[in-house]
Amino acid sequence: MTRFARVPRELLNWRSLRWKIAALVAMASCSVALAVGVLVHRSTLERSMSVNSGQALVALASAIGGQQRTGIPADAILHREVIPPALLRQVESTGRESTWYDDRRPDTPWMWAAGRFDGEVLAVKVEVGTDLRSRQALDRHIKIASLAVLAVVVPLAALAAELPGRRLRRVARTARRIAGGDLDARTTAAGRGGDEITEISATVDSMADTLQERLLVEQRFTADVAHELRTPLMGLVTSAGLLPESEATELVRDRVQVLRVLVEDLLEISRLDAGVEHADLRPVALGDLAADSLARTGLETRLFVAGAPVAETDPRRLDRIIANLVVNAHRHGRVPVEVTVDEATITVRDHGSGFPNALLAGGPQRFRTGAAERGRGHGLGLTIALGQARVIGAVLAFSNAGDGGAIATLRLPGGIGRVH
């Protein structure tokens, strides 16, 4: 149903390349048809006027010649009083035989011929309605043929534009997948043809290769640094435990603990980046798990649970996500911090200044908190929460409340039950 619902929207997108090409072809076809039609019409009209003028002059000469031979006035000859004024002035001014097309009655046109004979202006007229109807029929046929050609050419142009349009859409979909984090996506299928679309496809693939290589370098660097720091850190932890009790000792132990948490976070991120983490799914009472997670943080947090929802998820990873979100809310936001469990959705909200725009647009990034007013930190808590959410198949989204405060929404997958 989704695919069939999408097709009409694509077809009705009048700004798409398909319809622009079809409109361009239609305009070109109309221009050619109009130019050909005008040329044919004028050529036919000039030929008809020339033939009709010749017929009228022949009729005039024949009528006058017959009158001169027989001495009897010919019925076809018309005198000054009925000759059209325009034709009469033309003959009198030039003194030569002239013709004039009389279309004062469009349904019955005439071709007049007049000349001066024996000091008198005489004329005849020939009915040319048949020729007019022939030209009108020719014009209709040209219009019908032009419309028929348009009816065939425009759909064919739209179909012809569909192939490059489809390739461009494939490139766009691949670019969106790359932007969404799928750096294995490539546009190889859209890059055949040796044209500009091939060049765009190759550029997108090259960009993805470069991004993937840089990301792998960053991930390896993070993992190597964390592993290298772990050994001396253990020595620091042991040494700090042997120090005599004092205010300075407490300060050293606190800084060592902060460094230990940082290294453990870096190791966890490196495992998530490497894709070696796997979820251990089991039925979990979400309300109880959220309450236990909040208790372990030791932070004052309000919990609201709608009913007794149960989900198939990894309790250890879900606990890690909730704890990180709550700690982040207390560290970077303001109290009260509220956690709401409603069926498959867990929401963590603070009442601080909200998430920065950069985080809302691009998601959390390690070692970046985004805004000074959000407090200090390494930017790893939300990054770990997002990575653990991917492992358990959940969706973690970030937004700001209309009345102030940051909102992190975790939507768990799978069926949701309730404890009875």
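In what follows, every heavy atom counts, from backbone to side chain, and hydrogens, waters and symmetry copies are set aside. Everything quoted here is computed from the prediction, not taken from an experiment.
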Could you give the distance from [atom1] ([X]) to [atom2] ([Y]), rounded to the nearest 0.5 Å?
X      : Y      : atom1 : atom2 : answer
Leu289 : Leu294 : CG    : CG    : 9.5 Å
Leu281 : Leu318 : CG    : CG    : 11.0 Å
Gln90  : Trp100 : CD    : CH2   : 10.5 Å
Asp103 : Trp110 : CG    : CH2   : 14.0 Å
Arg186 : Ile178 : CZ    : CD1   : 6.0 Å
Ser293 : Leu303 : OG    : CG    : 10.0 Å

Pairing donors with acceptors under 3.5 angstrom, does anything connect the side chains of [X] and [Y]?
X      : Y      : answer
Thr187 : Arg173 : no
Gln388 : Arg317 : yes
Ser53  : Thr99  : yes
Ser201 : Thr198 : no
Thr301 : His330 : yes

Heavy-atom check, side chain of [X] versus side chain of [Y], under 4.5 Å:
X      : Y      : value
Val124 : Leu78  : no
Ser399 : Phe355 : no
Phe398 : Leu359 : yes
Pro309 : Val341 : yes
Leu382 : Leu325 : yes
Leu138 : Thr44  : yes
Ile407 : Val348 : no

Whether the side chain of [X] engages the backbone of [Y] through a donor-acceptor N/O pair (distance < 3.5 Å, no angle test) should be reported.
X      : Y      : value
Thr347 : Thr409 : no
Asp350 : Ala406 : yes
Asn52  : Ser48  : yes
His141 : Ala137 : yes
Ser134 : Thr130 : yes
Ser62  : Val58  : no
Thr108 : Arg105 : no

Going by an N to O cut-off under 4.0 Å, is there a salt bridge joining [X] and [Y]?
X      : Y      : result
Asp280 : Arg282 : yes
Glu338 : Arg349 : no
Arg253 : Glu245 : yes
Arg80  : Glu92  : yes
Arg133 : Asp139 : no

Give the intermediate values and the outcome of side chain to side chain contact (heavy atoms under 4.5 Å, CB included) for residues Ile142 and Val40.
-> CA-CA 9 Å; Ile142 292 176; Val40 171; 3.7 Å; yes

Taking atom [atom1] of [X] as the centre, does the number of heavy atoms from other residues, nucleotides or ligands within less than 6.0 Å exceed 12?
X      : atom1 : result
Glu199 : CD    : no
Glu300 : CD    : no
Arg296 : CZ    : yes
Asn357 : CG    : no
Arg47  : CZ    : no

Provide the closest heavy-atom pair for [X] versus [Y] in the form atom of the first, atom of the second, distance.
X      : Y      : answer
Ala306 : Asp342 : CB-OD1, 3.8 Å
His351 : Pro336 : ND1-O, 2.7 Å
Ala408 : Leu396 : CB-CD1, 4.4 Å
Leu150 : Ser29  : CD2-CB, 3.4 Å
Pro106 : Leu132 : O-CD2, 3.2 Å
Ala329 : Val337 : CB-CG1, 3.8 Å

Contacts of type side-chain hydrogen bond (donor to acceptor under 3.5 Å, both in side chains), residue Glu97, not counting sequence neighbours |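 For Glu97, no residue satisfies side-chain hydrogen bond (donor to acceptor under 3.5 Å, both in side chains) once neighbours in sequence are set aside.
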
Pair Arg116-Arg96, side chain to side chain contact (heavy atoms under 4.5 Å, CB included): steps then yes or no | CA-CA 7 Å; Arg116 184 181 294 277; Arg96 294 178 299 178; over 6 Å; no

Ile322 and Ile346: side chain to side chain contact (heavy atoms under 4.5 Å, CB included), yes or no, with the steps?
-> CA-CA 8 Å; Ile322 295 175; Ile346 301 176; 4.0 Å; yes

List the steps and the verdict of side-chain hydrogen bond (donor to acceptor under 3.5 Å, both in side chains) for Thr249 and Ser246.
-> CA-CA 5 Å; Thr249 298; Ser246 67; 2.9 Å; yes

Could you walk me through whether Glu250 and Asp254 pass side chain to side chain contact (heavy atoms under 4.5 Å, CB included), step by step?
-> CA-CA 6 Å; Glu250 290 299 323; Asp254 177 71; over 6 Å; no

